[in-house]
Amino acid sequence: MILVTGGAGFIGSNFVLQWCARNDEPVLNLDALTYAGNLANLQALEGNEQHLFVQGDIGDAALLGQLFAEYKPRAVLHFAAESHVDRSITGPEAFVETNVMGTFRLLEAARAYWNGLDDTDKAAFRFLHVSTDEVYGTLSANDPAFTETTPYAPNSPYSASKAASDHLVRSYHHTYGMPVLTTNCSNNYGPFHFPEKLIPLMIVNALAGKALPVYGDGQQIRDWLYVEDHCSGIRRVLEAGTLGETYNIGGWNEKANIDIVHTVCALLDELAPADSRGVINTVTGVPVQQYAELISYVTDRPGHDRRYAIDARKIERELGWKPAETFDTGIRKTVQWYLANQEWVTGVMDGSYRDWVQQQYEVTPA
Ligand code: NAD
Ligand code: TYD
């Protein structure tokens with residue numbers, strides 16, 4: 001079986017669902033169920049014996065030892081992390097705890113287990129670490145995209161903690177010979193994306209007639225990849241990646257934030273027109289005609305990285321992987337998913353979510 005950490009979060013749950021749809025191999029899913037982890041993401045697997053869920057912390061060395069001994073995974077896919085840049089600015093400690101110390105403890109448990117395997121199983125074992133393009137820092141408009149050899153220059157506590165974890169993973173290969181792989185991916189979007197991140201926040205706020213908060217001038221650029229493409233890229237790296245190597249995964253799709261917000265608004269205008277839903281602007285009290293009326297420029301994020309861009313030629317050249325989805329098809333599917341899954345949205349917007357929105361945007365949530 002494979003051990004997935006963080007498999008109740010956004011990307012992890014998409015990965016587990018995709019894995020179970022395409023393989024018979026069992027999945028042991030270890031997730032602490034922080035605010036970002038939701039078992040509702042895995043509802044489709046209820047009663048499916050291929051999926052075994054354990055609630056627990058990747059920093060819990062004793063639990064990790066037990067799980068490795070009992071389930072003997074042939075691979076670890078490490079998604080678990082604190083993942084939101086804004087939260088890392090207001091509360092960096094959890095990022096160091098989970099992303100650095102948690103990854104360290106997971107590596108230690110994997111190393112102890114791996115050392116006890118026979119030669120064949122030892123050679124077949126994989127530790128795949130899921131990371132981000134944010135470790136490379138920020139680009140100017142005309143800089144070339146990040147490659148696997150771009151020097152690390154993380155700028156937020158989130159990216160710094162992910163960079164630290166990447167370095168630890170690398171060192172376990174170099175020092176102990178552990179069979180590790182690392183992927184550095186651009187911004188994902190798609191189903192089960194927690195509505196603190198740009199795209200789902202805009203969808204959820206627009207439908208509720210709330211302001212669409214665009215940081216600074218909205219001209220920051222990100223590369224966006226549909227989450228299922230990220231998952232297929234990870235599967236491909238697990239299957240055929242060269243040990244000790246890192247692979248950039250990206251969508252060849254750089255967009256300014258403000259353009260993303262306008263695209264989301266235009267899709268909502270088409271698929272869920274504000275006037276037919278009776279959406280009222282919660283700030284002005286006026287009925288909304290077009291969702292873009294809700295766009296509101298707010299104070300910029302401190303240390304906001306200007307541009308991320310991924311050069312994903314290595315994974316294409318060496319492993320034959322390319323994204324299947326274009327941004328147009330992926331974003332349409334995403335907006336349709338949120339419209340069809342309002343219950344999921346309501347379910348994850350619990351008290352702690354409301355507290356976060358209030359603290360971050362200084363508004364009173366409806
Ligand atoms: P997420 O915040 O949606 O999910 C994280 C999951 O990890 C949650 O289910 C949470 O409960 C779990 N978790 C957190 N701390 C834990 C701990 N100490 N022990 C066990 N479980 C814990 O994050 P995501 O967006 O799905 O990101 C998954 C991984 O992909 C992260 O490592 C992130 O750095 C990386 N990544 C994310 C993106 C993106 O756009 N979201 C892009 C590139 C890389
Ligand atoms: P986010 O989804 O938080 O991902 P990341 O910071 O990891 O790239 O943000 C994506 C971009 O959108 C980023 O440049 C910050 C910006 N943003 C806003 O303008 N307003 C918001 O309310 C949020 C959450 C993000």
Side-chain angles (χ1 to χ4, degrees), residues 4-16 29-39 41-42 54-60 63-64 77-89 94-95 97-99 101-103 105-106 129-135 138 155-156 158-159 161-162 165-166 183-190 192-202 205 211-225 227 230-231 234 248-250 255-258 260-261 295-301 304-308 310 348 356-357 360-361:
V4 169
T5 70
F10 164 45
I11 305 173
S13 63
N14 275 283
F15 181 86
V16 170
N29 183 352
L30 173 65
D31 195 298
L33 296 181
T34 68
Y35 78 91
N38 293 290
L39 284 177
N41 301 7
L42 300 160
V54 175
Q55 183 173 4
D57 196 310
I58 56 163
D60 183 343
L63 173 66
L64 292 174
L77 289 113
H78 179 32
F79 294 87
E82 288 292 336
S83 69
H84 190 31
V85 173
D86 291 325
R87 287 186 191 253
S88 84
I89 294 168
F95 288 72
E97 269 305 319
T98 285
N99 301 358
M101 284 309 294
T103 300
R105 296 223 171 91
L106 185 65
H129 175 58
V130 179
S131 192
T132 165
D133 60 355
E134 302 191 25
V135 297
T138 187
N155 288 321
S156 71
Y158 164 65
S159 55
S161 65
K162 289 298 290 187
S165 65
D166 293 10
T183 54
N184 294 91
C185 188
S186 55
N187 284 54
N188 286 213
Y189 66 99
F192 305 116
H193 204 181
F194 196 74
E196 64 185 354
K197 306 276 169 71
L198 180 72
I199 289 177
L201 183 78
M202 296 300 149
N205 278 15
L212 307 181
V214 174
Y215 296 162
D217 63 3
Q219 294 300 331
Q220 302 82 4
I221 291 172
R222 300 289 182 263
D223 172 61
W224 293 92
L225 178 69
V227 63
H230 184 191
C231 295
I234 290 170
N248 281 355
I249 305 182
K255 297 244 184 263
N257 292 340
I258 189 66
I260 294 282
V261 176
I295 292 174
S296 160
Y297 288 90
V298 300
T299 310
D300 208 353
R301 171 188 281 174
H304 199 170
D305 284 339
R306 196 68 182 164
R307 174 176 166 239
Y308 304 140
I310 277 273
V348 300
W356 164 253
V357 168
Q360 175 67 6
Y361 300 101

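Remember, it's 1-based here, ligands and their atoms both numbered in the order they're listed. Note that these values count all heavy atoms, side chains included, but never hydrogens, waters or copies made by symmetry.
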- Which atoms of ligand 2 sit under 4.0 Å from any heavy atom of His84? 3 (O)
- Message: Taking 4.0 angstrom as the limit and counting only heavy atoms of Leu201, give me the atoms of ligand 2 inside it, by number and element.
- Response: 22 (O)
- Query: Going by distance alone, is a donor N or O of one side chain under 3.5 Å from an acceptor N or O of the other, for Tyr215 and Asp86?
  - Reply: yes
- Numbering as shown, the atoms of ligand 1 that approach Gly37 to under 4.0 Å (heavy-atom distance): 8 (C), 9 (O), 11 (O)
- Shortest protein contact, atom 7 (O) of ligand 2 (heavy atom only): Glu134 OE2, 2.5 Å
- Any heavy atom of Phe15 under 4.0 Å from ligand 1? The part involved is neither
- Do me a favour and list the nearest non-hydrogen protein atom to atom 4 (O) of ligand 2 with residue, atom name and distance? Asn187 ND2, 3.4 Å
- Query: So, Asn257 and Gln220: side-chain donor and acceptor under 3.5 Å apart, yes or no?
  - Reply: yes
- Item | Side chain, backbone, both or neither: the part of Ser13 lying under 4.0 Å from ligand 1 by heavy atom | neither
- Message: Could you work out, with side-chain hydrogen bond (donor to acceptor under 3.5 Å, both in side chains) as the rule, every residue matching Asn29, not counting sequence neighbours?
- Response: His51
- Message: I want to know if ligand 2 touches Val214 in the polar sense, i.e. an N/O pair below 3.5 angstrom.
- Response: no
- Indicate yes or no: does an N/O atom of Tyr308 lie under 3.5 Å from an N/O atom of ligand 2? no
- May I ask you to check if ligand 2 and Arg301 share an N or O to N or O distance below 3.5 Å? yes
- Query: ligand 2 and Glu196, any nitrogen or oxygen pair closer than 3.5 angstrom?
  - Reply: no
- ligand 1 to Ser83 polar contact by distance, N or O atoms, under 3.5 Å: yes
- Query: Cation over ring, Arg222 on Tyr308, under 6.0 Å and within 45°?
  - Reply: yes
- Relative to the heavy atoms of Asn187, which atoms of ligand 1 are at a distance of less than 4.0 Å? 40 (O)
- Residue, atom name and distance, where the atom is the protein heavy atom closest to atom 2 (O) of ligand 2: Leu198 N, 2.9 Å
- Note on the structure: Those residues at least two apart in sequence (or on a different chain) that pass salt bridge (Lys or Arg N to Asp or Glu O under 4.0 Å) with Arg87 are Glu196
- Classify the side-chain pair Asn184/Asp133 by whether it contains a donor and acceptor separated by less than 3.5 Å. no
- Message: So if I count the atoms of ligand 2 from 1 in the order they appear, which ones are less than 4.0 Å from some heavy atom of Lys197?
- Response: 2 (O)
- Task: Tell me which protein heavy atom sits closest to atom 14 (O) of ligand 2, plus the residue, atom name and distance to 0.1 Å.
- Result: His304 NE2, 2.7 Å
- Contact (N/O only, under 3.5 Å) between Leu30 and ligand 1: no
- Query: Going by the order shown, which atoms of ligand 1 are within less than 4.0 Å of some heavy atom of Thr34?
  - Reply: 10 (C), 11 (O), 14 (C), 15 (N)
- Message: Is the contact between Asn38 and ligand 1 made by the side chain, the backbone, both, or neither, using heavy atoms and a 4.0 Å cut-off?
- Response: neither
- Does the N or O separation between Asp57 and ligand 1 drop below 3.5 Å for any pair? yes
- Quick one: nearest non-hydrogen protein atom to atom 20 (N) of ligand 2, plus distance? Pro213 O, 2.7 Å
- Task: Would you check whether His230 has a nitrogen or oxygen atom less than 3.5 angstrom from a nitrogen or oxygen atom of ligand 1?
- Result: no
- Message: Between His129 and Thr183, do the side chains contain a donor N or O and an acceptor N or O under 3.5 Å apart?
- Response: no
- Query: For atom 25 (C) of ligand 2, what is the nearest protein heavy atom, given as residue, atom name and distance?
  - Reply: Tyr215 CE1, 3.6 Å
- Look at atom 16 (C) of ligand 2 and say which protein heavy atom is nearest, naming residue and atom and giving the distance to 0.1 Å. Asn257 ND2, 3.4 Å
- Item | Region of His84 that comes within reach of ligand 1 [heavy atoms, distance under 4.0 Å] | neither
- Note on the structure: among protein heavy atoms, the one nearest atom 22 (O) of ligand 2 is Tyr361 OH, 2.6 Å
